[in-house]
Amino acid sequence: MLSTLRRIVQEVSAARDLQAALDVIVRSVSVAMCVEVCSVYLYDEDTGCYTLMASEGLNSQAVGRVTLSRAEGLVGQIGLREEPINLEDAASHSGFFYLKETEEERYCSFLGVPIIHHRKLLGVLVIQRAEQRRFDESDESFLVTMSAQLAGVIAHAEATGSLHFPGSVHKPRQPLFSGVAGSPGIAIGTAVVLAPAADINVVADRNIDDVTLELALFREALASVRESMQDTAEKLSGQIPPEEQALFDVYLRMLDDKALGGEIEALIFQGQWAQGALKQVILEHIVLFEKMDDPYLRERAVDVRDLGQRVLAALQQQQKSEVVWPDNAIVISEELTPAVLGEIPRDKLIGLVSIRGSGNSHVAILARAMSIPTVMGAVDLPWEHIENHELIVDGNLGRVYASPGSELVEQYRNLVNEEEIFGKGLESLRDEPCITPDNYRLSLWVNTGLMADTVRSLEHGAEGVGLYRTEVPFIIRDRFPSEKEQEDIYREQLTSFAPRPVTIRTLDIGGDKSLSYFPIEEENPFLGWRGIRVTLDHPEIFLVQIRAMLKASEGLNNMRIMLPMVTGVPEVEEALYLIHRAYHEVLSEGANIQMPPIGVMIEVPAAIYQARDIARRVDFLSVGSNDLTQYILAVDRNNPRVADLYQPFHPAVLQALRKVVVDAHGEGKPVSICGEMAGDPAAAVLLMAMGFDVLSMNATNLSRVKWTLRNISLKHARQLLDEVLEMDNPRVIRSAVELELRHRGLDKVLGCRSQVNRL
Ligand code: PEP
Ligand code: MG
C-alpha cells in the first residue's frame with residue numbers, strides 16, 4: 001500500500017494544475033482501492049458551499065455543476081464533524097441527500113473523509129461502491145492519508161490563486177503566501193532565487209534569450225560529465241563485475257542527444273535555461289522508472305537522479321558567477337543560512353524569504369539586526385516559478401505576495417512611507433537616555449555579531465553590548481579562526497564600543513548553527529551537543545577563545561564574558577576553572593589584564609531552578625529568552641509548523657522570567673535579557689516592570705523600545721504586569737499589553753502590524 005501511495009503522490013505532484021491533480025487522485029484512488037467511485041468535493045468559503053470538483057464513477061456531467069450547502073448531505077456532515085463517515089448503506093443514513101445528477105443511487109457503501117489543512121476545512125474526499133459492505137480500517141486509513149496529501153495540494157492552489165470554483169462570481173484572491181514574521185518591515189522588489197548546490201529537486205525555472213549560449217553551456221557540462229564518467233569506468237575496469245561495468249555504458253548513452261540529452265535540448269530551444277530543462281526531464285524520468293514493475297529497473301531511478309545531479313553540478317559550476325543582482329533584490333532560498341546571507345551584496349538586498357526556518361532561527365535574528373524585512377517558513381511559496389517576478393515581502397505579518405496587483409503595491413508603498421516617517425522621528429532619541437516619565441532609568445544595550453551591526457548600533461545610541469555572538473565570525477570562515485585572528489576580531493568589537501561594556505559570548509554552535517568544517521550530525525540537534533556542552537568537551541577550542549578574548553581586552557577593560565546553554569552548576573564550575581587557567585596563562589605571558597566579569601545565560605529550564613546557585617558563582621545573569629521559550633514550551637524555534645505555539649507571552653515564560661530576576665537580585669547580582677523578546681516594545685514594558693537591569697536587543701528595535709519606555713511610567717508598567725500575571729492565555733496577555741499601549745497613544749510602535757491588517 002505504501003508504494004501505491006507514494007506513486008499516487010508522485011503523480012499528483014507532477015500534475016500541471018489543481019484540476020489535473022484532482023483528476024489523478026480520483027482515478028488512481030479508485031483503481032488502488034478497487035472502488036467504483038472516488039470523488040472530491042471542495043468547500044468554497046465565499047459561498048459556503050461544496051462543489052463536486054472531480055469524480056471517477058459518478059456522472060461526468062455532474063462534475064463542476066453539483067453543489068451542496070454547508071450542512072447538506074453526508075458530505076456536509078463530514079465537514080461539520082471534521083471526521084470520517086463509513087457506512088455500509090449510505091441511503092439508509094438520516095443525513096443522506098440524493099443528488100440526482102450524479103446517478104449515485106447505484107452505490108451502497110460510502111466512506112468519506114474531511115480534507116483539512118492547518119485546521120482549515122478544504123473539502124471532502126469520498127469513495128463509494130455498489131456492494132453493501134462497510135469499508136475496513138485499512139481503507140479508512142488509506143483514504144485519510146490520501147486526503148492529508150491532497151490538502152497540501154489544494155492549500156497550495158488556494159495560496160497561488162489558482163483555485164477557481166466553476167461559476168463563482170467572486171474575484172480570484174490575490175496570491176498570498178503565509179509564513180512567519182522573520183524581520184519587520186516591508187520590501188517591494190524583484191525575486192532572486194538561490195537554489196542550494198546541486199539539488200535536482202530544487203532548481204528554479206528561468207527563461208532565457210540566448211538559446212545558442214545556453215545550448216553551448218549545456219553541451220559543455222555534458223561533455224565534462226561524460227569525460228569524468230569515462231575516467232571512472234576505466235579506473236574501475238577489472239575491479240567490478242562486467243554487468244556493473246556495462247551500466248556505465250548505459251549512463252553514457254543516456255546522456256546522448258537521442259536520449260535525455262535530446263529532450264533537455266528541446267526544452268532549451270523552447271526558452272528554458274539548461275538547469276531548469278535538466279530538472280524537468282530528469283524528474284519525469286525518475287517518476288517513470290519508479291513506476292516500473294521490475295524491481296531492478298525501479299532501482300534505476302536512483303541512477304537517473306545521480307546522473308542529473310552530476311550534470312547539474314557541472315552546470316552550476318559554469319553558471320556560478322552568473323547571478324545578476326537586480327536593484328531591490330528579494331532573495332528567496334530554501335533554507336537561508338548566515339553563510340548564504342554573507343554572500344549577497346548588501347547594497348542590492350532589500351528583502352529575504354526562507355522556505356524553511358522560523359521567526360527565531362538565527363538567520364532571522366541576523367536579518368533583524370541588519371533591518372532586512374524577512375519572511376521565514378513560507379512553505380507554500382512556489383519559489384521555482386517566481387524568479388524575476390515582482391514580490392511584496394511583509395515582514396510584519398509574515399506574508400509574501402507574488403506578482404501583486406497595482407492597488408496592493410500602492411497600499412504597501414503608503415505603509416512603507418508611513419514607517420519611514422515614524423523611523424525618522426525616532427532618530428532624535430539617539431542621544432537621549434531611556435528614562436520613564438516617573439524617572440526610572442533603564443539600560444538599553446544591543447546584540448551584535450556582524451561588524452555592520454556594530455556601526456548601526458552606535459548610530460542608534462547603544463549604551464553597551466549585551467550579547468556579541470562570536471559564532472558569526474566562525475560560521476563565515478572555512479576553518480577555525482586562529483587565536484590571533486580571534487583576538488583581532490574581538491579587539492575591534494571592544495574598541496568600537498569602549499568605554500561601554502561589551503558582553504562576549506563563548507562559542508555557541510549546535511542547534512541550527514553549524515560550522516561547515518566541524519559538522520555535527522544529530523537526530524535532535526536542539527537537545528543535543530550545543531553551546532557550552534561542545535566547548536567543555538573541546539577545551540582546546542574554549543581555551544584558545546578565552547585567551548583571545550582576554551588579550552583583546554588589554555587596556556580597554558570593558559569586556560564581560562558570557563557562557564551559553566548552561567544546564568547546571570558543574571558546567572559553570574568547569575568553565576570558570578578553564579577561564580581562570582587561561583587568565584593565568586596570559587598573565588604569565590606578560591599581558592596586563594584585569595579579570596573580566598563572568599556571566600551565565602539562563603536559557604534552559606533547569607537553570608531557572610538553579611538561578612540562585614548559579615548567580616552565587618558568577619557576576620551576572622542574562623536570560624536567553626529565545627531558547628528559554630523554546631525549551632519551556634517544547635516548541636522548536638526553527639519550525640514554522642509550530643510557530644503559532646512559540647509564545648514569549650505564555651504565562652509559564654513570564655513566571656520563569658520573573659523568578660530569574662528575583663533570584664539574581666536575591667544574590668545581589670544584576671540580570672539582563674538578550675533574547676529577541678527584549679526588542680519587542682510590548683514585551684519590553686513587562687520586562688522593565690519585572691526588574692531586568694538591562695534589555696539587550698537588535699539595533700533596529702532600540703529606538704522603538706526607548707520611545708515606548710519613555711512614554712510609560714514604571715508605576716503603570718508594574719500595574720500592567722500584575723494584571724497580566726493573573727491571566728492564563730498568551731494571546732489574551734499580548735492583546736492586553738497592546739491595548740494598554742494603544743490607550744496611551746503608543747500603538748505606532750507596534751509596527752505596521754495593525755495598519756497592514758486594513759488590507
Ligand atoms: C537566546 O537563546 O535567547 C539567545 C540570545 O541566544 P541565541 O538566539 O543565539 O541562541
Ligand atoms: Mg540561545
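Ligands are counted one by one from 1 in listed order, and the atoms in each one are counted from 1 as well. Since we're looking at a predicted model, the values are computed, not measured.
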Taking the Mg ion (ligand 2) as the reference point, name the nearest N/O/S atom of D627.
-> OD2
Mark yes or no for whether R346, through its side chain, and M370, through its backbone, hold a donor-acceptor pair below 3.5 Å.
-> yes
Identify which of N360, I602, N626 has a heavy atom lying nearest to atom 1 (C) of ligand 1.
-> N626
Quick one: does ligand 1 sit under 4.0 Å from the side chain of M677, the backbone, both or neither, non-hydrogen atoms only?
-> neither
Run the numbers for me: atoms of ligand 1, each under 4.0 Å from some heavy atom of R637, listed by number.
-> 2 (O), 7 (P), 8 (O), 10 (O)
Residue R530 vicinity, atoms of ligand 1 by number, heavy atom under 4.0 Å | 10 (O)
If you scan protein heavy atoms around atom 7 (P) of ligand 1, the nearest is H362 NE2, 3.1 Å
Are H716 and S713 linked by a side-chain donor-acceptor pair shorter than 3.5 Å?
-> yes
Check: W707 ring centroid to F422 ring centroid under 6.0 Å | yes
When R505, Q493, Q545 are each screened for side chain to side chain donor-acceptor pair (under 3.5 Å) with T470, the one that passes is Q545
So is E676 close enough to ligand 1, meaning a heavy atom under 4.0 angstrom away?
-> no
Of all protein heavy atoms, the one nearest atom 6 (O) of ligand 1 is R505 NH1, 2.9 Å
Note: ligand 1 atoms sitting under 4.0 Å from heavy atoms of E603 are 1 (C), 2 (O), 4 (C), 6 (O)
For I365, atoms of ligand 1 separated by under 4.0 Å from a heavy atom = 8 (O)
Counting from 1, what ligand 1 atoms have a heavy atom of L467 closer than 4.0 Å?
-> 5 (C)
Just which atoms of ligand 1 are under 4.0 Å from any heavy atom in G675?
-> 3 (O)
What N/O/S atom of E603 gets nearest to the Mg ion (ligand 2)?
-> OE1
State whether F620 and R560 meet the cation-pi test: NZ (Lys) or CZ (Arg) under 6.0 Å from the six-membered ring centroid, and within 45° of the perpendicular axis.
-> yes
State plainly whether the residues D636 and R641 are in salt-bridge range, i.e. N to O under 4.0 Å.
-> no
Examine the proximity of ligand 1 to R469 and report which part, side chain or backbone, both or neither, has a heavy atom under 4.0 Å away.
-> side chain
Of the side chain and backbone of Q630, name the one, both, or neither that has a heavy atom under 4.0 Å from an atom of ligand 1.
-> neither
